[in-house]
Amino acid sequence: MNIQENISLKPFNTFGIDQTARFFVTVRSIEDLKEALQFAKAENLEVFILGGGSNILLTQDLDLLVVKLEINGIKLLREDSEHVWVKSGAGEIWHDFVMYAIEQEWAGIENLSLIPGTVGASPMQNIGAYGVEIKDVFESLEALNRESLEIEVFDAESCRFGYRESVFKNELKGQYIICSVTFRLRKQPVFQTSYGAIQDTLAKNGVKTLSIRAISDAVIEIRQSKLPDPKVIGNSGSFFKNPTVSFEKYEELKDKFPAIPGYPQDKGVKLAAGWLIEQAGWKGYRNGQIGVHDKQALVLVNHGEGKGKDLMNLSQKIQDSIFEKFGVQLQPEVNFI
Ligand code: EPU
């Protein structure tokens, strides 16, 4: 194990924020991981677990041990006539895993193409896009209990998935490290094309026979047209969650803002945070090195040398202005560190 000191985290977070870690180690196995945790314990250091760094905003230097998880490997565990059960190490790049599944003709995650981050981080916030969430294909995961250093298995129920939520962001926050995830994928695809953007793109591309590859290509095209490539402009995807308001509140808003998009759910109406932010005039906003993406207002961007603190302040200003204009409280999706 090679523990490094005073390492810049700029290459390890998709926002491209330049903060340092006092100690930094890459782990490639559960044994390495345990060793790193023991080192931290002996040195009385806090530990921060880093996956793809695609859902964090660094607001300070980290006076602790950053553990970069690179536990890799994809394995077909078993199959029946309808499904395959595939286990992936937490460190695999999510999009590479999706591409691998498509090559094998395993269906179920094609709508989740091009989401940044790692497989291990995917259940953490139940990643989702275009009508599919990880919980739809999730079988189980293995996580290291940070206290006992034992591996424990979580099924879907014990993960308590919700919209961009799981038990690991809530009740069990900071207590487990996800080491592998097992997915239940289909041999015969069930296509999810309910999103208008997907239908439009498939039609534009002249797709006559649906396939998981065609859907993946469409999703990639849509994402590339709206979402900035983190390799070019630092960002973390959607910065805020789409808020849900009561049916009464939605009617009230609709009276004042007739064009407001709303998606009815069981307990209320989900609003499009991107629309609210755009209406409040923030789309394309820029102040020095930071700003709001000009094609998707839900995405905050770092043009190069931006600071996490400035992005945090900008997000607060956006929240305040949305509250003032619409009486709706936005919640960040990104984790502030
Ligand atoms: N909209 C605007 N202006 C904007 C952005 C969006 O008016 O600047 C409107 C759109 O016109 C549309 C609605 O908002 O009516 C929804 O927009 P879009 O389909 O782009 O999706 P989103 O709600 O902004 C969510 C996810 C994305 C995911 C897409 C597609 C959240 C927080 N975000 O975005 O996930 O890719 O749907 O399913 O749920 C992420 O989590 O990082 C992420 C990118």
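Since this is a predicted model, take the numbers as computed values, not measurements.
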To the nearest 0.5 angstrom, please state how far the CD atom of Gln125 sits from the OH atom of Tyr163.
9.5 Å
Residue set satisfying side-chain contact (heavy atoms from CB on, under 4.5 Å) with Thr201, at least two apart, ordered chain then number -> Asn205, Ala218, Glu221, Ile222
What's the separation between atom CG in Asn145 and atom CG in Leu149, rounded to the nearest 0.5 Å?
7.5 Å
Between Cys179 and Ile151, which heavy-atom pair has the shortest distance, and what is it?
SG-CD1, 4.2 Å
Does Lys267 make a cation-pi contact with Phe247, if we ask for NZ or CZ under 6.0 Å from the ring centre and within 45° of the axis?
no
Does any non-hydrogen side-chain atom of Phe154 lie less than 4.5 Å from one of Leu172?
yes
Do Arg78 and Trp85 meet the cation-pi criteria used here (NZ or CZ under 6.0 Å from the six-membered ring centre, within 45° of the axis)?
yes
Going from CD on Glu5 to OG1 on Thr20, what distance comes out if it is rounded to the nearest 0.5 angstrom?
11.5 Å
Any carboxylate oxygen within less than 4.0 angstrom of a Lys/Arg side-chain nitrogen, looking at Glu252 and Lys249?
yes
Side chains of Ser216 and Ser113 only: does a donor on one sit below 3.5 Å from an acceptor on the other?
yes
Result for side chain to side chain donor-acceptor pair (under 3.5 Å) between Arg22 and one of Asn6, Asp61, Asp63 points to Asp63
How many angstroms lie between atom CG of Leu144 and atom OG of Ser180, to the nearest 0.5 angstrom?
11.0 Å
Can you find a side-chain donor-acceptor pair between Glu70 and Thr26 that sits under 3.5 Å?
no
Less than 3.5 Å apart, any donor N or O on the side chain of Glu133 or Asn126 sitting next to an acceptor on the other?
yes
Given the options Glu333, Arg160, Lys241, Glu165 meets side chain to side chain contact (heavy atoms under 4.5 Å, CB included) only with Lys241
Provide the closest heavy-atom pair for Val328 versus Pro243 in the form atom of the first, atom of the second, distance.
CG1-CG, 3.7 Å
Is the Trp275 ring parallel, tilted or perpendicular to the Phe326 ring (thresholds 30°, 60°)?
tilted
Does any donor atom in the side chain of Tyr176 or Glu152 lie under 3.5 Å from an acceptor atom in the other side chain?
yes
Take a 6.0 Å sphere around NZ of Lys41 and say whether it holds more than 12 heavy atoms from other residues, nucleotides or ligands.
no
Please test Lys87 against Glu142 for salt bridge (Lys or Arg N to Asp or Glu O under 4.0 Å), starting from the C-alpha separation and ending with a verdict.
CA-CA 10 Å; Lys87 179 174 172 178; Glu142 289 176 333; 3.2 Å; yes
Donor-acceptor contact below 3.5 Å, side chain Ser148 vs main chain Glu150
yes
Rounded to the nearest 0.5 Å, what separation is found between the CE atom of Met312 and the NZ atom of Lys317?
12.5 Å
Closest approach of Ile212 and Ala107, non-hydrogen atoms and distance?
CG2-CB, 3.7 Å
Applying the side chain to side chain donor-acceptor pair (under 3.5 Å) test to Lys187, which of Glu79, Glu105, His83, Glu82 qualifies?
Glu79
Using side-chain heavy atoms (C-beta onward) and a distance below 4.5 Å, is Phe12 in contact with Val66?
no
Can you see which heavy atom on Ala101 is nearest to which on Leu185, and at what distance?
CB-CD1, 4.1 Å
For residues Ser8 and Asp18, is any side-chain donor paired with an opposing acceptor at under 3.5 Å?
yes
Please give me the minimum heavy-atom distance between Ala280 and Ile322, naming the atom from each residue.
CB-CD1, 3.7 Å
For Phe39 and Phe23, take the angle between the two ring planes, folded into 0 to 90°, and tell me which bin it lands in: parallel under 30, tilted 30 to 60, perpendicular over 60.
perpendicular
Is the backbone N or O of Tyr285 less than 3.5 Å from a side-chain atom of His293, with the two atoms forming a donor-acceptor pair by type?
no
How about Val301 and Val292: do any of their side-chain heavy atoms sit closer than 4.5 Å?
no
How long is the straight-line distance from OG of Ser29 back to CD1 of Ile71, given to the nearest 0.5 Å?
6.5 Å
